[in-house]
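Scroll down for the structure; my scribbles are underneath it.
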Amino acid sequence: MMKEWATVISWHNGVALLSCEPHSGCGSCHARSGCGSHLLNELGPESEHQLKIAISQPLEPGQKVEVGISESSLLRSAALVYLTPLIGLIAGGALFQALFITDALTALGAISGAGLGFLLARTVAIKIEGKSDYQPAVLQIGLPPAAIRVQQE
């Protein structure tokens with residue numbers, strides 16, 4: 001199970017809007033100055049992801065919630081998004097190469113195959129979108145921000 005903590009933005013009628021901040025793949029390494037991954041993260045825009053999730057328990061803005069999704073559904077989704085257009089690109093290029101033998105038509109076949117792969121991936125994604133296997137689940141709910149008090153001595 002892939003787990004991530006998210007912050008509640010709002011909760012209304014059993015639906016919570018959550019904000020998840022993406023984390024870099026690395027962070028524990030001391031070679032940050034020479035790391036290509038760290039440099040790419042610095043160049044990219046600061047972004048946060050929002051998701052809506054059904055939860056019956058009332059939540060307050062600022063409250064932390066742990067959400068999770070199974071690795072198998074995450075891998076299937078990634079394969080659908082990345083491999084389907086790639087297979088279409090290769091198959092379209094190979095088919096047009098075998099039929100027409102010119103480079104221009106081979107490139108056109110590859111682009112057409114990739115486009116059909118994207119359309120197929122989108123169609124399949126729409127069909128599986130509502131299935132519970134592909135939806136994040138609430139694993140833990142943190143205390144509301146107002147419930148936490150710090151006493152100073």
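On a predicted model such as this, the values are computed, not experimentally measured, just so you know.
Within the 3.5 Å criterion, the main-chain N or O of Val67 finds no donor-acceptor partner in the side chain of Glu4. Side-chain atoms of Trp5 do not come within 3.5 Å of backbone N or O of Gly142 as any donor-acceptor pair.
Heavy-atom minimum distance, Glu60 versus Pro144: OE1-CB, 3.4 Å. Of all heavy-atom pairs between Thr7 and Lys64, the closest is OG1-NZ, 2.9 Å. Taking both residues in full, the closest heavy atoms of Gln63 and Leu143 are given as CG-O, 3.7 Å, listed atom of the first, atom of the second, then distance. Taking all atoms of both residues into account, the shortest heavy-atom contact from Ala16 to Trp11 is CB-CD1, 3.8 Å. Counting all heavy atoms, side chain and backbone alike, Ile101 lies closest to Ala98 at CG1-O, 4.4 Å.
Considering only heavy atoms from C-beta on, Val65 stays 4.5 Å or farther from Gln140 through its side chain. When side chains are defined from C-beta on, Ile9 does not count as touching Leu18, because their heavy atoms never get closer than 4.5 Å. Within the 4.5 Å cutoff, the side chain of Ile53 has heavy atoms near those of the Val138 side chain. Taking the side chain as every heavy atom from C-beta outward, Ile128 and Asp133 never approach each other to under 4.5 Å.
Under the side chain to side chain contact (heavy atoms under 4.5 Å, CB included) criterion, Ser112 pairs with Leu108, sequence neighbours left out. Listed by chain and residue number, Phe96 satisfy the ring pair (Phe, Tyr, Trp, His ring centres under 6.0 Å) test with Phe100 (two or more places apart in sequence, or in another chain).
Hydrophobic clustering (ILVMFWY, side-chain heavy atoms < 4.5 Å, transitive): Leu99 and Leu105 are in one cluster. Under the 4.5 Å side-chain heavy-atom criterion for Ile, Leu, Val, Met, Phe, Trp and Tyr, Val8 and Val15 are members of distinct hydrophobic clusters.
Surrounding OH of Tyr134 are more than 12 heavy atoms belonging to other residues, nucleotides or ligands, all under 6.0 Å away.
Distance check: Glu129 CD to Arg122 CZ gives 10.5 Å after rounding to the nearest 0.5 Å. With rounding to the nearest 0.5 Å, the separation of NE2 in His49 from SG in Cys20 is 8.0 Å. Atom CG of Leu75 is separated from atom CE of Met2 by 8.5 Å, given to the nearest 0.5 angstrom.
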task: Tell me, with the steps shown, if Gln135 and Ile69 meet side chain to side chain contact (heavy atoms under 4.5 Å, CB included).
output: CA-CA 7 Å; Gln135 299 298 319; Ile69 190 165; over 6 Å; no
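A side-chain hydrogen bond (donor to acceptor under 3.5 Å, both in side chains) check over residues 87-102, counting only residues at least two apart or in different chains, returns the pairs Gln97-Thr106.
Tested against Thr84, the residues Ile87, Val81, Leu86, Leu80 include a single side chain to side chain contact (heavy atoms under 4.5 Å, CB included) partner, Leu80.
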